[in-house]
Amino acid sequence: EAQVTQNPRYLITVTGKKLTVTCSQNMNHEYMSWYRQDPGLGLRQIYYSMNVEVTDKGDVPEGYKVSRKEKRNFPLILESPSPNQTSLYFCASSSGSGNQPQHFGDGTRLSIL
Amino acid sequence: GQNIDQPTEMTATEGAIVQINCTYQTSGFNGLFWYQQHAGEAPTFLSYNVLDGLEEKGRFSSFLSRSKGYSYLLLKELQMKDSASYLCAVRLGGSYIPTFGRGTSLIVHP
């Protein structure tokens, strides 16, 4: 089954404790993205990647890092999480074809205390 | 962002028709997507428009006017399960990854 898998689905942690949210896709997609979703603000792009070893900042990259060492994986790293990073996070992937939509993971709800 | 505007919230009656509008900056336009998102769930793809006109898919249709920077999603024969957020996403320039509007929360009542 074609899917985007995020882990963990839920996490409560404390300020300053490094964490990683994993994202894996099995569709051989070139493009992968991370979004955060906050009430009233919609989906905002954090980082994206157009292929292995190619990443770029989205609209709200501060406080986040990513890597793309393999095509299928695109982890999101919070080196020193802060309460303002409490949010619902989505990973998405897509092929390079023009009319192909993004496929989203089920989301990760992070709470930073 | 790229100034993608949608109404924040709409309400409609079961069985009725509702139109959700989306406007965007036209410079570099390269495709528009509509997604549906139920609360706490992932967005799911509804439609894609890159040329002017209407695309119909069952109860859902999407329209695009590139010159006006305008799209709408039309939902017919509304059902209670259509209560959700509807996200307009626009692809600009050479990027294959679209930018999302803030979404429209649709409430369908009996």
Side-chain angles (χ1 to χ4, degrees), chain A residues 2-7 9-10 23 25 27 29-51 54-61 66 68 74 87-111, chain B residues 1-9 20 22-25 28-51 53 55 57 60 62 64 66 71 73 84-106:
Chain A
Q3 59 185 3
V4 178
T5 304
Q6 293 179 227
N7 279 297
R9 292 290 315 282
Y10 305 91
C23 175
Q25 50 94 5
M27 294 167 279
H29 283 166
E30 286 82 10
Y31 297 88
M32 297 187 75
S33 305
W34 275 103
Y35 297 89
R36 61 177 290 173
Q37 189 171 38
D38 303 288
L41 297 179
L43 279 168
R44 294 183 292 167
Q45 190 179 75
I46 302 170
Y47 269 94
Y48 64 95
S49 169
M50 292 190 286
N51 215 324
V54 180
T55 63
D56 211 343
K57 296 177 180 179
D59 296 321
V60 288
V66 293
R68 189 91 182 274
F74 190 46
S87 187
L88 177 60
Y89 292 84
F90 287 102
C91 178
S93 74
S94 61
S95 70
S97 300
N99 64 347
Q100 295 304 305
Q102 290 179 288
H103 297 257
F104 285 82
D106 287 337
T108 296
R109 190 167 290 281
L110 284 183
S111 293
Chain B
Q2 281 78 24
N3 292 336
I4 301 168
D5 291 319
Q6 308 177 231
T8 302
E9 186 174 294
I20 302 174
C22 172
T23 59
Y24 60 90
Q25 290 181 338
F29 175 81
N30 190 24
L32 185 146
F33 297 86
W34 284 96
Y35 288 83
Q36 180 190 60
Q37 185 181 25
H38 286 99
E41 297 182 8
T44 55
F45 170 70
L46 289 178
S47 68
Y48 172 74
N49 295 73
V50 68
L51 299 176
E55 295 281 342
K57 272 188 182 182
F60 293 6
S62 57
L64 177 69
R66 289 173 296 172
S71 173
L73 181 69
S85 285
Y86 291 86
L87 312 179
C88 172
V90 178
R91 201 163 53 202
L92 297 170
S95 174
Y96 280 99
I97 301 176
T99 298
F100 284 80
R102 296 186 178 193
T104 299
S105 177
L106 174 66

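Worth knowing before you read on, the calculation uses all heavy atoms, side chains too, and leaves out hydrogens, waters and symmetry mates. Protein chains get the first letters and strands the later ones, always in sequence-line order, with residue 1 at the start of each.
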Item to check | Part of A:Q102 lying under 4.5 Å from any heavy atom of chain B | outcome: both

How close do [X] and [Y] get, heavy atom to heavy atom, and via which atoms?
X      : Y      : value
B:F45  : A:P101 : CD1-CB, 3.3 Å
B:A42  : A:G105 : CB-O, 3.0 Å
A:Q100 : B:R91  : O-NH1, 4.5 Å
B:I97  : A:M32  : CD1-O, 4.2 Å

Next on the checklist: For B:R66, give me all partners under salt bridge (charged side-chain N to carboxylate O under 4.0 Å, His left out), at least two apart in sequence or on another chain.
Outcome noted: B:D52

Checklist entry - Looking at B:G40, B:P98, B:G103, B:S85, which has the largest count of heavy-atom pairs under 4.5 Å with chain A? => result B:P98

Item to check | A:D106 vs B:E41 side-chain heavy atoms within contact, under 4.5 Å | outcome: no

Checklist entry - From B:Y35 OH over to A:F104 CZ, what is the distance, rounded to the nearest 0.5 angstrom? => result 5.0 Å

Item to check | Residue part contacting chain A, namely of B:Q6, when any heavy atom lies under 4.5 Å | outcome: neither

